[in-house]
Structures are given as C-alpha cells and as structure tokens.
Amino acid sequence: MEFRSFMQQALAEARAAAKRGEVPVGAVVVSPDGRVVASAGNRTRELGDPTAHAEILAMRDACAQIGSERLPGYDLYVTLEPCPMCASAISQARIARLYYGAADPKSGGVAQGPRIFAHPQSHHVPEIYDGIGAAEAEALLKDFFAARR
C-alpha cells in the first residue's frame with residue numbers, strides 16, 4: 001500500500017482552531033482501510049476544558065463512531081508533537097502510528113520532555129513519524145502567538 005499523508009486535513013483543523021481563537025493544533029484519525037474517521041482542532045477555551053486538545057477530541061469521536069475505547073490499527077495525524085496527556089491517551093487508545101508535524105520543546109511529551117512512550121508504564125508504543133508538515137505547522141503557531149503579543 002502506498003503511503004498517503006492526511007496532514008493537510010490536520011492543518012485545516014489547526015487553521016480553523018486559530019480562527020476560533022484556539023491554539024492552532026489539528027488532528028485526524030484514519031482507519032486501517034485509509035478513511036478519515038474523525039478530525040478535530042483544539043477547543044479548550046471554547047469548551048472550558050483543559051483536556052479538549054485536538055488529539056483527545058479526535059480520538060473520542062473515533063472511539064464513539066466505532067463503539068470501542070481502543071483504536072488498534074488506526075493512525076493519528078497531529079500538527080504538533082503531543083503533550084504528555086495526549087501521548088498517554090494515544091498509548092491507552094492503542095493508536096498504531098502517530099504522525100506529527102512541529103516539535104514542541106516547551107510542552108511536548110513524545111520526543112521532548114517526559115518522553116511518555118519511553119516509560120515502562122506505557123502499555124503501548126505507536127510507530128512515530130515526526131516532521132510531517134512541520135514548516136506549515138510551525139508557521140501557524142508562530143503567527144498565532146505573534147498576533148497575541
């Protein structure tokens with residue numbers, strides 16, 4: 001099977017989040033047969049919910065759609081390196097492959113900071129592919145925060 005990236009859909013969710021005044025992060029869950037099952041952008045401010053990160057919302061929606069608390073064989077595309085909370089949820093959901101764009105030296109939990117998947121308590125470690133769409137994801141974040149300073 002030929003690789004097909006879904007990062008453009010995640011970036012579209014990030015742009016929509018920015019328009020809502022949310023930190024521009026977007027996520028897309030893709031089924032084993034290559035269908036987009038769920039997508040979301042950050043909604044922490046809108047929902048008044050610190051857990052309403054794009055990854056969490058997209059995985060919740062995907063789980064609800066398939067009627068399971070786990071997503072084995074599913075891929076997750078996210079524009080920014082997941083934070084420790086999201087990385088742990090990715091492990092719990094049994095996501096098969098994680099594709100992310102920009103690194104997050106301040107709050108990342110995959111390649112930065114606590115490196116959640118490296119801990120023995122991490123019950124599942126997805127395949128990880130970073131840097132996909134990183135330049136566009138970084139530009140969205142920089143523009144968003146520059147406009148607020």
Side-chain angles (χ1 to χ4, degrees), residues 1-47 49-68 70-113 115-117 124-149:
M1 177 182 244
E2 185 176 314
F3 173 73
R4 177 177 170 217
S5 176
F6 291 85
M7 191 58 76
Q8 285 304 313
Q9 286 101 316
L11 286 162
E13 288 288 350
R15 287 189 289 275
K19 287 180 183 174
R20 294 189 304 271
E22 300 278 358
V23 174
V25 177
V28 174
V29 177
V30 179
S31 70
D33 65 359
R35 290 178 301 108
V36 172
V37 176
S39 62
N42 276 356
R43 291 187 179 275
T44 58
R45 290 188 173 118
E46 177 186 338
L47 300 175
D49 179 355
T51 70
H53 290 196
E55 303 95 304
I56 300 290
L57 295 174
M59 288 189 296
R60 282 179 185 161
D61 186 14
C63 286
Q65 287 192 48
I66 69 166
S68 174
R70 294 193 177 149
L71 299 164
Y74 285 70
D75 296 345
L76 177 65
Y77 288 80
V78 61
T79 58
L80 181 65
E81 176 183 353
C83 72
M85 172 185 70
C86 291
S88 183
I90 289 164
S91 177
Q92 295 297 321
R94 308 303 197 263
I95 290 289
R97 283 165 296 281
L98 168 63
Y99 300 89
Y100 70 86
D104 189 354
K106 181 181 174 198
S107 301
V110 176
Q112 316 286 327
R115 297 183 170 124
I116 296 300
F117 301 126
H124 170 78
V125 178
E127 293 175 32
I128 301 168
Y129 303 91
D130 63 350
I132 300 182
E136 190 171 351
E138 288 170 9
L140 279 170
L141 289 159
K142 285 179 183 175
D143 292 348
F144 177 83
F145 287 112
R148 278 149 181 73
R149 291 188 181 118

If you round to the nearest 0.5 Å, how far is [atom2] of [Y] from [atom1] of [X]?
X   : Y    : atom1 : atom2 : answer
T51 : R43  : OG1   : CZ    : 13.5 Å
D61 : Q65  : CG    : CD    : 4.5 Å
L57 : D49  : CG    : CG    : 7.5 Å
S5  : I132 : OG    : CD1   : 5.5 Å

Decide yes or no for [X] and [Y]: does some side-chain heavy atom of the first lie under 4.5 Å from some side-chain heavy atom of the second?
X   : Y   : result
L71 : I66 : yes
T44 : E22 : yes
F6  : V29 : no
Q9  : S39 : no
L98 : E55 : no
R94 : Q92 : yes

What residues form a salt bridge (Lys or Arg N to Asp or Glu O under 4.0 Å) with E136, not counting sequence neighbours?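 Testing E136 for salt bridge (Lys or Arg N to Asp or Glu O under 4.0 Å), a comparison that skips the adjacent residues, returns R15.
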R20: partners by salt bridge (Lys or Arg N to Asp or Glu O under 4.0 Å), with sequence neighbours left out: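 Once residues adjacent in sequence are excluded, the partners of R20 under the salt bridge (Lys or Arg N to Asp or Glu O under 4.0 Å) criterion are E46.
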Closest approach of [X] to [Y] (non-hydrogen atoms, all atoms of both residues):
X    : Y   : value
E13  : G26 : CB-CA, 3.8 Å
F117 : A87 : CE2-O, 3.3 Å
A40  : A58 : CB-N, 3.8 Å
S68  : C63 : O-CB, 2.9 Å
V78  : P82 : CG1-CG, 3.9 Å

Pairs satisfying side-chain hydrogen bond (donor to acceptor under 3.5 Å, both in side chains), at least one member in residues 75-84, at least two apart: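 Non-adjacent pairs meeting side-chain hydrogen bond (donor to acceptor under 3.5 Å, both in side chains): D75-R97.
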Is there a donor-acceptor contact under 3.5 Å from the side chain of H124 to the main chain of A93?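 No, because the side chain of H124 does not come within donor-acceptor range (under 3.5 Å) of the backbone of A93.
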Check: P24 main-chain N/O paired with N42 side-chain donor or acceptor under 3.5 Å: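 No, because the side chain of N42 does not come within donor-acceptor range (under 3.5 Å) of the backbone of P24.
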Applying ring-ring contact (aromatic ring centres under 6.0 Å, His included), name anything that partners Y100, two or more places apart in sequence or on another chain.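 Testing Y100 for ring-ring contact (aromatic ring centres under 6.0 Å, His included), a comparison that skips the adjacent residues, returns none.
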Which pairs of donor and acceptor atoms, one on a side chain in residues 102-112, lie under 3.5 Å apart (sequence neighbours left out)?
residue: D104; atom: OD1; partner: K106; partner atom: N; Å: 3.3
residue: D104; atom: OD1; partner: S107; partner atom: N; Å: 3.1

Determine, stepwise, if the pair M59 / I95 fulfils side-chain contact (heavy atoms from CB on, under 4.5 Å). CA-CA 9 Å; M59 288 189 296; I95 290 289; 3.9 Å; yes
Taking only residues at least two apart or on different chains, which pairs with a member in residues 7-28 satisfy ring pair (Phe, Tyr, Trp, His ring centres under 6.0 Å)?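 Qualifying pairs, neighbours excluded: none.
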In this structure, which one of L80, L11, L140 forms a side chain to side chain contact (heavy atoms under 4.5 Å, CB included) with V25?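 The single option meeting the side chain to side chain contact (heavy atoms under 4.5 Å, CB included) with V25 is L80.
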